[in-house]
Amino acid sequence: MSSKTRNHTTVVAIDFGTTYSGYAFSFRSDFLDDKKDHLGKITTNHWNSGDLLSEKTPTTLLLDKNKKFVSFGYDAENDYSRMTVEEKSEHYYFCRFKMMLYDKDGKMKLTRDAVLKDMRDKEMPAIDVFSRSIEYLKDEFVKRFQERNLQVTITPLNKYVTWVLTVPAIWDEPAKQFMEEAAERAGISKESLLICLEPEAAAVYCKWIQIERDSDTLNVMKPGRRFLVLDAGGGTIDMAMQEVREDGKIQEVNRAQGGDWGGIYVDKEFKQMLEDIVSKPVIEAFRMKYTGDYIDLFRFFEKKKREKQTGKNVRVQIPSSLLEIADNIIKCIEDHGLKDDVELKKDKLQIKVKKFEEFFNKVVDKIVVKVEEMLVSDTTEGNKVIIMVGGFSENELLQRRIRDSFPSYTVVIPQGCGLAVLKGAVLYGHDPDIIAARVVRYTYGVGTNTRFISGKHPESKKKIINGTEYCTDKFDIYAYNGELIHCNEEREKTYFPIYENQTSGSFGLFASNAVEPQYTDDEGCTKLGSLTVPMPDTAGGTRRKVKAKFKFGATKITVEGFDETSKKSVDVKIDFLENKP
C-alpha cells in the first residue's frame with residue numbers, strides 16, 4: 001500500500017512495544033504544507049499513570065472470564081490490582097507478550113493457532129490477545145480524536161486514515177504477517193495498513209530532529225553520511241546501518257541485526273536474585289496467590305530502572321505479602337552470600353548500586369559486542385555517529401557503556417528518544433518512499449527443473465522426462481542474502497513448459513539463509529508457498545513462455561506469474577502462518 005494512491009487525511013502510527021505501547025498521528029495537510037516542522041505537527045496521546053502523565057501505556061491487557069475486553073495499559077494494571085483473589089482467578093491478564101513472536105533460532109514455526117499464557121498460566125489464542133490490544137489503541141485514537149472535535153474527516157477509517165504498525169527489523173516474515181492479520185481482526189483494513197520496521201522509523205525521525213545542524217561533523221543527514229541506529233526497546237534490540245542518499249532518501253547499508261536483549265531482561269536478573277534469596281517456589285507462589293502485589297513489585301522496579309542512581313543504594317519496596325510467605329529473608333540473604341550486596345530494612349530491599357548495575361551487565365555486554373561487530377564491517381566506512389533511540393536507551397548505564405566503549409564515535413541521544421520510533425512511523429506513513437533501499441535478509445528463488453549435466457549435478461537429482469534428462473529441485477535465485485535492493489524493484493525470469501500439452505506452470509517459492517543455495521532441499525531452505533500460472537492455450541507446445549516476477553517492495557515481498565500467450569497474470573499470496581508439518 002502506498003500513501004500516494006490514497007486520499008487519506010490522517011496518518012496514525014501504533015508502536016506496539018514489549019513493555020509500553022502508544023499511538024501518534026498527524027494530518028496529511030500539515031505534512032504537505034509545512035516542510036520544516038514535521039515533528040512539531042505530530043500529536044501523541046497521554047495516559048494517566050497516577051503520579052504522572054505518560055505518552056505510552058503498559059502493554060497489558062485485561063479480559064473477563066468470557067474473554068471480553070475489560071481494560072488496557074495502566075487501567076488494566078490498576079483494575080487487576082484492586083480485584084479479589086477469586087476475581088483475579090477468573091480474569092485473563094496478559095502483559096509483555098510481544099516477545100512470543102520473536103523466533104530467535106528459526107525453529108518456532110509460528111502459526112495462527114499459537115497460544116499465550118496469562119499471568120496465572122491460563123491459555124488463549126495469541127492472535128486474539130494481539131488483536132484486542134491493537135483494537136484498543138485504534139479505538140482510543142478514534143475516541144480521543146472525536147472528543148477534540150477537530151475539523152478533519154477520518155471516517156470511514158479505511159478511506160481517510162493510513163495506519164502504520166511498527167515491528168522489529170529482526171523479526172521474520174511469519175511474525176510480520178501475524179501482526180498484519182491481528183491488525184485486520186482489530187478492524188484495520190489491509191488497504192490502509194503499512195508495516196514499518198522500527199529502526200527505519202527511527203532513521204526517518206532522525207532526519208527531522210534538530211541536532212548538530214551547525215556542525216558538519218555531526219550533520220547526520222548530510223548526503224553520503226552513514227550512521228548506526230541503535231534501537232533499544234523493552235524486548236528486542238535492533239541495529240541498522242543507514243545511509244543518506246544524494247536525493248535525501250535513506251537506504252539500509254547492511255541487514256539489521258540484534259537480539260532479545262531489551263530492558264525486560266534486566267527484570268529477569270532482578271527476579272533471579274529474588275529466587276536465589278527466597279527460592280523459586282516461593283516467588284511462583286507469590287505470583288499466583290498475590291498477583292497484584294507481584295505486578296506492583298515489578299512496576300516499582302521498572303521505575304527504579306529508569307531513574308538516575310546517585311546514592312549508594314537502590315531501595316525497592318517489598319510487598320508485605322511476600323515478606324509473610326517467605327522464610328526469614330535476612331537469614332536467606334546471609335545464607336546466599338549476598339549480605340554485602342543486599343540488605344532488608346523493614347519493607348525496603350536496599351541493593352548496592354554495584355549489584356543493581358549487575359542486573360544490566362549481561363544484556364548491555366551483548367549489545368556492546370553486537371554494536372562492535374557492526375562497526376567493524378566494511379559497510380560502516382565513514383560512519384562516526386551512533387544514534388540511540390527506544391525506551392531502554394533512556395537508561396543512563398546503557399548510555400554510558402556505549403559512550404565508553406566507542407570513544408571515537410559521536411553518540412547522539414535525541415530528546416524524547418523513547419518516542420523516536422512512534423513519531424518516525426507517522427512520518428513514514430506520509431512518505432513510505434523515504435526508505436529507498438533495503439538489504440535482503442534471505443536468498444529468494446523458485447524451484448525448477450534444468451537440463452542435467454553429468455559431473456555437475458548429483459545423480460540423485462536426475463530425472464528422465466519425455467526422454468530428456470533433467471536436474472530436479474534446482475534453486476533459481478532472484479535475490480541474494482545481503483544484497484541491496486531498491487524498494488519496488490522487480491526481478492523477472494522466463495520459463496518454458498516441459499510437456500507440449502501442459503496447461504499450467506507451477507513453481508515452489510523458497511527462501512534460504514545461505515547466500516547461494518544450489519537446491520531447494522539444501523539445509524537452511526524453507527518453502528514459502530507455491531505459484532500456479534494457467535497456460536490454457538497449448539498451441540505453442542514447449543515453446544510457450546511463462547514468467548515469474550518477484551516484487552521487492554515495502555517491507556514484504558510479493559510474487560506474480562504471467563502467461564505470455566494469454567497475457568494473463570496471477571498474484572500469489574505467500575502464507576507464512578499455515579500449519580506446516
Side-chain angles (χ1 to χ4, degrees), residues 18-19 58 77 80-81 85 88-89 93 95-96 99 104 117-122 234-235 259-369 392 395-398 400-401:
T18 301
T19 48
E77 290 185 344
Y80 194 74
S81 65
V85 173
K88 287 173 183 173
S89 67
Y93 185 85
C95 62
R96 299 185 174 187
M99 283 302 292
K104 184 175 182 179
K117 290 184 178 181
D118 83 335
M119 178 65 75
R120 300 171 70 90
D121 295 334
K122 295 196 299 296
D260 52 344
W261 316 313
I264 62 172
Y265 296 94
V266 178
D267 297 32
K268 287 189 175 183
E269 293 295 314
F270 171 63
K271 182 183 176 184
Q272 183 62 57
M273 186 193 74
L274 293 178
E275 291 177 352
D276 290 343
I277 294 173
V278 301
S279 83
K280 185 173 182 176
V282 168
I283 294 298
E284 281 299 293
F286 174 56
R287 178 176 70 89
M288 296 296 289
K289 187 174 182 179
Y290 302 102
T291 313
D293 290 346
Y294 180 90
I295 294 166
D296 288 341
L297 171 60
F298 283 91
R299 190 172 174 179
F300 187 83
F301 182 73
E302 180 69 27
K303 288 178 63 175
K304 292 297 180 181
K305 275 166 51 181
R306 292 170 178 261
E307 291 176 0
K308 184 175 182 178
Q309 305 303 328
T310 55
K312 294 181 179 179
N313 298 306
V314 178
R315 294 173 178 83
V316 178
Q317 186 167 339
I318 302 299
S320 58
S321 54
L322 178 57
L323 296 174
E324 290 171 5
I325 66 172
D327 290 332
N328 190 328
I329 293 182
I330 295 175
K331 185 176 185 302
C332 289
I333 290 172
E334 292 180 358
D335 291 345
H336 287 85
L338 292 170
K339 66 178 183 178
D340 293 333
D341 299 318
V342 184
E343 185 180 6
L344 181 68
K345 287 190 174 181
K346 295 185 178 179
D347 62 346
K348 299 287 193 307
L349 197 64
Q350 302 205 56
I351 307 169
K352 298 291 184 184
V353 168
K354 182 179 178 181
K355 179 65 177 178
F356 183 76
E357 291 183 350
E358 286 180 10
F359 299 148
F360 293 80
N361 286 343
K362 190 177 292 185
V363 291
V364 171
D365 287 347
K366 290 179 179 178
I367 294 169
V368 169
V369 168
F392 194 23
N395 178 264
E396 191 220 1
L397 191 148
L398 176 59
R400 187 169 72 241
R401 280 289 302 278

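- Counting heavy atoms from C-beta on, the side chains of Phe301 and Asp267 come closer than 4.5 Å.
- Between Glu284 and Arg287, at least one side-chain N (NZ, or NE/NH1/NH2) sits under 4.0 Å from a carboxylate O, which counts as a salt bridge.
- A salt bridge links Lys355 with Glu358: the distance from a Lys NZ or Arg NE/NH1/NH2 to an Asp or Glu carboxylate oxygen falls below 4.0 Å.
- Using a cutoff of 4.0 Å between basic side-chain nitrogens and carboxylate oxygens, Asp260 and Lys366 are not scored as salt-bridged.
- Taking 4.5 Å as the limit, some side-chain heavy atom of Arg401 sits within range of a side-chain heavy atom of Asp365.
- The pair Glu357-Lys354 fails the salt-bridge criterion, with no side-chain N (NZ, NE, NH1 or NH2) lying under 4.0 Å from an Asp/Glu carboxylate O.
- In summary, Asp118 and Lys122 engage in a salt bridge, as defined by a charged side-chain N under 4.0 Å from a carboxylate O.
- Residues that satisfy the ring pair (Phe, Tyr, Trp, His ring centres under 6.0 Å) test with Tyr265, not counting sequence neighbours, are absent from this structure.
- Atom CD of Glu275 sits about 11.0 Å away from atom NZ of Lys268, to the nearest 0.5 Å.
- Looking at heavy atoms from C-beta onward, Val266 lies in side-chain contact with Phe392 at the 4.5 angstrom threshold.
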Practice item. Determine, stepwise, if the pair Trp261 / Lys362 fulfils side chain to side chain contact (heavy atoms under 4.5 Å, CB included). Key: CA-CA 9 Å; Trp261 316 313; Lys362 190 177 292 185; over 6 Å; no

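- With respect to the salt-bridge test (charged N to carboxylate O, under 4.0 angstrom), the residues Lys339 and Glu343 do not qualify.
- Here the CZ-OG1 distance, from Arg96 to Thr18, works out to 9.0 Å after rounding to the nearest 0.5 Å.
- Between the Arg315 side chain and the Lys348 main chain, no donor and acceptor come within less than 3.5 Å of each other.
- Looking at Lys305, its side chain does come within 3.5 Å of a backbone N or O of Gly263 through a donor-acceptor pair.
- Of the possible polar contacts, none joining the Asp296 side chain to the Pro319 backbone as a donor-acceptor pair under 3.5 Å is found.
- Closest non-hydrogen pair, Gly311 versus Val353, comes out as O-CG2, 3.1 Å.
- Residues Asp327 and Val278 are not in side-chain contact: their nearest non-hydrogen atoms beyond the backbone lie 4.5 Å or more apart.
- When side chains are defined from C-beta on, Leu297 counts as touching Ile318, because their heavy atoms get closer than 4.5 Å.
- You'll find the side chain of Ile283 reaches within 4.5 Å of the side chain of Leu322, heavy atoms only.
- With values rounded to the nearest 0.5 angstrom, Lys345 atom NZ is found 12.0 Å from Leu349 atom CG.
- Ile277 contributes atom CD1, which lies 4.5 Å from atom CD1 of Ile333 (distance to the nearest 0.5 angstrom).
- In the model, Arg120 has a side-chain atom that pairs as donor or acceptor with a side-chain atom of Thr291 under 3.5 Å.
- In this structure, the ring of Phe270 has its center no less than 6.0 angstrom from the ring center of Phe356.
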Exercise for review: Could you check Ile351 against Asp341 for side chain to side chain contact (heavy atoms under 4.5 Å, CB included), going step by step and ending with a plain yes or no?
Suggested key: CA-CA 6 Å; Ile351 307 169; Asp341 299 318; 6.0 Å; no

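- Summarising the geometry, atom CD belonging to Glu77 is positioned 8.0 Å from atom SG belonging to Cys95; distances are rounded to the nearest 0.5 Å.
- Here the CD-OG1 distance, from Glu396 to Thr310, works out to 9.5 Å after rounding to the nearest 0.5 Å.
- Put simply, the side chain of Glu307 does not reach to within 4.5 Å of the side chain of Val314, judged on heavy atoms.
- For CG of Asn328, the number of neighbouring non-hydrogen atoms (other residues, nucleotides, ligands) closer than 6.0 Å is greater than 12.
- Between Tyr294 and Phe298, the ring-plane angle classifies as tilted under the 30° and 60° cut-offs.
- Tyr93 does not carry Lys88 over the face of its six-membered ring by the limits of under 6.0 Å from the centre and within 45° of the normal.
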Practice item. List the steps, then state whether side chain to side chain contact (heavy atoms under 4.5 Å, CB included) holds for Leu323 with Asp347. Key: CA-CA 8 Å; Leu323 296 174; Asp347 62 346; 4.1 Å; yes

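- Checked by atom type and distance alone, the side chain of Gln309 pairs as donor or acceptor with a backbone atom of Lys304 at under 3.5 Å.
- For the pair Lys352/Lys312, no side-chain contact is recorded, criterion being any heavy-atom separation below 4.5 Å from C-beta on.
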